[in-house]
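See structure below.
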2 protein chains.
Amino acid sequence: MDAREILQNTSIRLTPVREAILGVLLNERCPMSYREVAARLPEGQDRVTLYRALSLFLKEGIVHRVMDMKGTWRFCAHDPGHPGCPGNHPHFACRVCGRMECLMEHSLPHLEVGPETVVEGKHLVLYGICWECVVKKTRKKETGSS
Amino acid sequence: MDAREILQNTSIRLTPVREAILGVLLNERCPMSYREVAARLPEGQDRVTLYRALSLFLKEGIVHRVMDMKGTWRFCAHDPGHPGCPGNHPHFACRVCGRMECLMEHSLPHLEVGPETVVEGKHLVLYGICWECVVKKTRKKETGSS
DNA sequence: AGATAAATGCAACAGTGTTGCAGGAAGGAG
DNA sequence: CTCCTTCCTGCAACACTGTTGCATTTATCT
Ligand SMILES: [Mn+2]
Ligand SMILES: [Mn+2]
Ligand SMILES: [Zn+2]
Ligand SMILES: [Zn+2]
């Protein structure tokens, strides 16, 4: 399912900007910051329009949103047929390359809190070094010391 | 143990500003944003000095840090004798009053990720409505409809 | 094609967090 | 106690994310 089709299944209007933005998210399939999305759009695209499109996608439920370790929101287009609520899974953030990935295979833990407290959602972010950055670092060390 | 004692147990210098800042954190015992800390300090206190003090406390291990749902860091002074790494517990954030609390009694879940991936830490934040705000809301509803 | 509701771009703003630098204070040595 | 060194403080300036208001343009329906 491409961006056009997905947008036509919602109540919002289909515009070139929105199609382009959703297209970027569908291409990468990992949570992206507004900045990362903007870098893959035609230069000169207005920041505000991008922010508003992302918020709208979120409201329509065609993307989910995670906060990374720098305090910026990242948006990710999920497969429309995926089980469970969108974004209802943990994420991993690499502090070296800055990328984030969805840990779709895991579910969020259940925690028992006070009986009156209302838990509306959970954010679980693991952070560290992704395997790609680990491999790169290992290679560099080997070639450096030999 | 008060702020003065804690600071003297570290390698950093004891200054009035730092004593005041740590004092605020010890008073509240919940993760506070720089803004919340500043509000409890003598007016005119420089923002940058506050940020630097908090970062230093973090490096020295006398506070821990959590990111809230608005993307701002919150700092919390833990009991020095508490078991486990500081901040190694989940948190709850209330979207009504904005307060955050430490769920000290719970531990962070273990997730199996790829063998090469290095997991350095985890952030688990539950969000919703704290019991105090739930109670307030219930009262308001009752008095409003009666 | 025309009407209408909504999307876009622009300017301006609020907030968090960082850096560089000059002056001032803390803590140790004598 | 006094001096000296080191580091802390406050200020100005900056980068970045995210929001709001408004005028103009565009998508969609009739
Ligand atoms: Mn995800
Ligand atoms: Mn905590
Ligand atoms: Zn990486
Ligand atoms: Zn509350």
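Please read all numbers here as calculations on a predicted model, not as lab measurements. Residue numbers begin at 1 in each chain, while the letters A, B, ... track the order of the sequences.
- Picking from D:dT9, D:dT17, C:dA7 the nucleotide with the shortest atom distance to the side chain of A:Ile12 gives C:dA7.
- With rounding to the nearest 0.5 angstrom, the CZ atom of B:Arg52 is 12.5 Å from the NZ atom of B:Lys59.
- The OG1 atom of A:Thr49 sits 10.5 Å away from atom CG of A:Leu54, with the distance rounded to the nearest 0.5 Å.
- Scored by the ring-ring contact (aromatic ring centres under 6.0 Å, His included) test, B:His123 finds A:Tyr127, B:Trp73 as partners (sequence neighbours excluded).
- Where B:Arg65 and B:Pro16 each meet DNA chain C at their nearest nucleotide, the meeting point lying more 5' is that of B:Arg65.
- Going from atom CE of A:Met69 over to atom P of C:dG17 covers 13 Å, rounded to whole Å.
- To the nearest angstrom, P of C:dT18 lies 10 Å from CG of B:Leu54.
- With rounding to whole Å, A:Asp46 atom CG is found 15 Å from D:dG18 atom P.
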(message) Using side chain to side chain contact (heavy atoms under 4.5 Å, CB included), reason through B:Arg40 and B:Glu28 one step at a time and then give a plain yes or no.
(response) CA-CA 10 Å; B:Arg40 285 160 183 79; B:Glu28 305 288 331; 3.0 Å; yes
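- For the pair A:Gln8 CD and D:dA27 C1', the computed distance is 12 Å after rounding to whole Å.
- Put simply, A:Arg13 has no side-chain N or O that comes within less than 4.0 Å of OP1 or OP2 on C:dA5.
- As a whole-Å value, the separation of B:Glu19 CD from D:dC8 P is 15 Å.
- Atom P of nucleotide D:dC8 and atom CG of B:Leu22 are separated by 15 Å, given to the nearest angstrom.
- The distance from atom CG of A:Leu56 to atom C1' of C:dA6 is 10 Å, rounded to the nearest whole Å.
- Residue-level contact check: A:Thr15 touches the backbone only, with heavy atoms under 4.0 Å from sugar-phosphate atoms and none from bases.
- Of all nucleotides listed (D:dA27, D:dG10, D:dG18), D:dG10 comes nearest to the side chain of B:Val17.
- For B:Thr72, the listed nucleotide lying nearest its side chain is C:dG17; candidates were D:dT9, D:dT17, C:dG17.
- The side chain of A:Thr49 lies closest to C:dG9 when the candidates are D:dC8, D:dT9, C:dG9.
- For C:dG17, its base sits under 3.5 Å from the side chain of B:Arg47 at one donor and acceptor pair at least.
- Nucleotide D:dA12 holds its C1' atom 16 Å from the OH atom of B:Tyr51, rounded to whole Å.
- Inter-residue side-chain proximity for B:Asn88 and B:Ser107 is flagged as unmet; no heavy-atom pair is nearer than 4.5 Å.
- Comparing D:dG18, D:dC11, C:dC10 against the side chain of A:Val48 picks out C:dC10 as the nearest.
- Donor-acceptor pairing under 3.5 Å, judged by distance alone, is absent between the side chain of A:Arg18 and the base of C:dA7.
- Between the side chain of A:Arg52 and the base of C:dG9, a donor-acceptor pair under 3.5 Å is found.
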